[in-house]
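A short worksheet on the structure shown next.
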Amino acid sequence: MRKFNPAEIVLMRKAGEMTGNALKYVETLIKPGISTLELDKSVKKFIIDSGGTPSFLGYEGFPGSICASPNDVVVHGIPSADVILKEGDIISIDLGVLYKGYNGDAARTFPVGEISPEKQRLIDVTRESFFEGIKNLKVGHRLGEMSHAIQAYVEKNGYSVVRELVGHGIGKDMHEPPNVPNYGKVTDGPMIIENTCLAIEPMVNMGRKEIWLIEDGWGIITRDGLPSAHYENTVLITKDGVEILTL
């Protein structure tokens, strides 16, 4: 867990702001009939025009500026001209912005047109699990207190938490130590120190927790074919509390 100095925190805040703005922008584009490749191209231009760099593009070979993951795709969906959104779908968009050497990372799951109450509840519980979790994110406490709170909230609502994919530290690199699971015991993980940044990202399945990696080597889907939702923010932890940088 790396401690940031005041100048670095200014840059993290700016990278986070740009990341949040890009997600607000993509939300305005999501509608039945649009392809995930169109979303990707538009968001790439938006990020570059705002003075940032799409940090996902080329990351470990990833071909898109966003991860676009509809319905039963948990994460890492490759944008494609062949994936056309339709009424009633949900889609998770995960993206990152690099600004002057520092990264923001965030994700949301959006409805496509009118969606079922069941899918809306999945989106809502996933988002709320994040906020339940960060209530337990405090300097001098174990990271596991937050991880446990996310898991408890999700499971209380009848859903499951993906185990193989976790949040992470973030800063000059997109992924830095420590790993930030969305499950576990309150005694797990490192002690939290002030002025550190984490990307916290509950990934919640409507059905069972088990997942598959698909043939393209990137996309992760639910094994039972039921929908999954994703909610992520980059946060700064100070002695005064948690500041969400990507809202």
Could you work out, with ring pair (Phe, Tyr, Trp, His ring centres under 6.0 Å) as the rule, every residue matching Y99, not counting sequence neighbours?
none
Does F131 belong to the same Ile/Leu/Val/Met/Phe/Trp/Tyr cluster as V125, with side-chain heavy atoms less than 4.5 Å apart forming each link?
yes
Can any side-chain N or O of S50 pair as donor or acceptor with the backbone N or O of I47 at less than 3.5 Å?
yes
How about F56 and C67: do any of their side-chain heavy atoms sit closer than 4.5 Å?
yes
State whether the side chain of E87 and the backbone N or O of E114 hold a donor-acceptor pair below 3.5 Å, judged by distance alone.
yes
Does some side-chain heavy atom of V204 sit less than 4.5 Å from a side-chain heavy atom of V162?
no
Please report the C-alpha distance between V235 and L137 in whole Å, then the side-chain angles of each, then the deciding distance to 0.1 Å, and finally whether the side chain to side chain contact (heavy atoms under 4.5 Å, CB included) criterion is met.
CA-CA 10 Å; V235 305; L137 198 55; 4.0 Å; yes
pair I30-I34: side-chain heavy atoms closer than 4.5 Å
no
For the atom pair CG (L226) and OH (Y159), what is the distance rounded to the nearest 0.5 Å?
10.5 Å
Linking I/L/V/M/F/W/Y whenever any side-chain heavy atoms sit under 4.5 Å apart, do V43 and Y231 land together?
no
Stepwise side chain to side chain contact (heavy atoms under 4.5 Å, CB included) test for I91 and V112
CA-CA 7 Å; I91 183 162; V112 182; 4.1 Å; yes
Nearest heavy-atom pair of G169 and L198: which atoms, and what distance?
CA-CD2, 4.0 Å
Is it possible for you to say whether I193 and F4 belong to one hydrophobic cluster, with membership spreading through side-chain heavy-atom contacts below 4.5 Å?
no
Has the side chain of D216 got a donor or acceptor atom that lies under 3.5 Å from a matching backbone atom of G219?
yes
Under 30°, 30 to 60°, or over 60°: which ring-plane class applies to H76 and W218, parallel, tilted or perpendicular?
perpendicular
Which atoms form the tightest heavy-atom contact between A199 and I170, and what is the distance?
N-CG2, 3.9 Å
Hey, is NZ on K119 packed in by over 12 heavy atoms from elsewhere, all under 6.0 Å?
yes
The criterion is ring pair (Phe, Tyr, Trp, His ring centres under 6.0 Å); which residues satisfy it with Y153, sequence neighbours excluded?
none
Selection residues 164-203 - residue pairs positive for ring-ring contact (aromatic ring centres under 6.0 Å, His included), sequence neighbours left out
Y59-H175, H168-H175
For the residue pair S69 and S92, confirm or rule out a side-chain donor-acceptor distance under 3.5 Å.
no
Counting only N and O atoms by type, is there a donor-acceptor contact under 3.5 Å from the side chain of N157 to the main-chain atoms of V154?
no
Distance from L95 atom CG to E232 atom CD, nearest 0.5 Å?
9.0 Å
From E201 atom CD to N182 atom CG, the distance as rounded to the nearest 0.5 Å:
7.0 Å
Looking only at heavy atoms, which two atoms of K209 and S160 are closest? And how far apart?
N-OG, 3.1 Å
Donor-acceptor pair, distance only, cut-off 3.5 Å: does the side chain of T234 make one with the backbone of D105?
yes
With side chains defined as the heavy atoms from C-beta onward, is the minimum distance between S80 and L37 less than 4.5 Å?
no
Would you say the side-chain atoms of E8 pair up with the backbone N or O of N5, donor to acceptor, closer than 3.5 Å?
yes
Can you find a heavy atom in the side chain of D94 that is under 4.5 Å from one in the side chain of H230?
yes
N195 and T238, any side-chain heavy atoms less than 4.5 Å apart
yes
Side chain T19, main chain A106, donor-acceptor under 3.5 Å
no
Test your reading of the model: is there a side-chain donor-acceptor pair from R142 to the backbone of G189, 3.5 Å cut-off?
yes
Distance alone, cut at 3.5 Å: any donor-acceptor contact between the side chains of N205 and S228?
yes
Reported OG1-to-CD1 distance for the pair T109 and I90, which is rounded to 0.5 angstrom:
6.0 Å
Test item: D40 side-chain N/O and P79 main-chain N/O as donor-acceptor pair under 3.5 Å
no
Does any non-hydrogen side-chain atom of V10 lie less than 4.5 Å from one of Y102?
no
So, for G133 and A149, which heavy atoms are closest and what is the spacing to 0.1 Å?
CA-CB, 4.2 Å
Are side-chain heavy atoms of I211 and L165 found at a separation under 4.5 Å?
yes
For residues F62 and I78, report the shortest heavy-atom separation together with the two atoms involved.
CE1-CG1, 3.8 Å
Short N-O contact, E176 and R2, less than 4.0 angstrom
yes
L122 reachable from M203 in the ILVMFWY side-chain graph, under 4.5 Å edges
no
Regarding K86 and D89, does a basic nitrogen lie under 4.0 Å from an acidic carboxylate oxygen?
yes
Do we see a donor-acceptor contact under 3.5 Å between the side chains of N233 and R108?
yes
Supply the atom-to-atom distance I192 CD1 to H141 NE2, rounded to the nearest 0.5 angstrom.
8.0 Å
Do L39 and L57 land in one hydrophobic cluster if side-chain heavy atoms of ILVMFWY residues count as linked below 4.5 Å?
no
Let's go through E194 and I237 carefully: what are the C-alpha distance in whole Å and the side-chain angles of both, what is the deciding distance for side chain to side chain contact (heavy atoms under 4.5 Å, CB included) to 0.1 Å, and is it a yes or a no?
CA-CA 6 Å; E194 66 175 302; I237 307 143; over 6 Å; no
Between R13 and E243, does the side chain to side chain contact (heavy atoms under 4.5 Å, CB included) criterion hold? Intermediate values first, please.
CA-CA 9 Å; R13 284 191 179 118; E243 181 182 340; 2.7 Å; yes
Atom CE of M146 and atom CD1 of I200: how far apart are they, to the nearest 0.5 Å?
4.0 Å
Applying salt bridge (Lys or Arg N to Asp or Glu O under 4.0 Å) to D124 and R127, what does each step give before you reach the verdict?
CA-CA 5 Å; D124 293 343; R127 182 183 65 243; 3.5 Å; yes
Locate the shortest heavy-atom distance separating S129 from I150; write the atom from each residue and the value.
O-CG1, 3.4 Å
Is a donor from one side chain sitting under 3.5 angstrom from an acceptor on the other, for S35 and E38?
yes
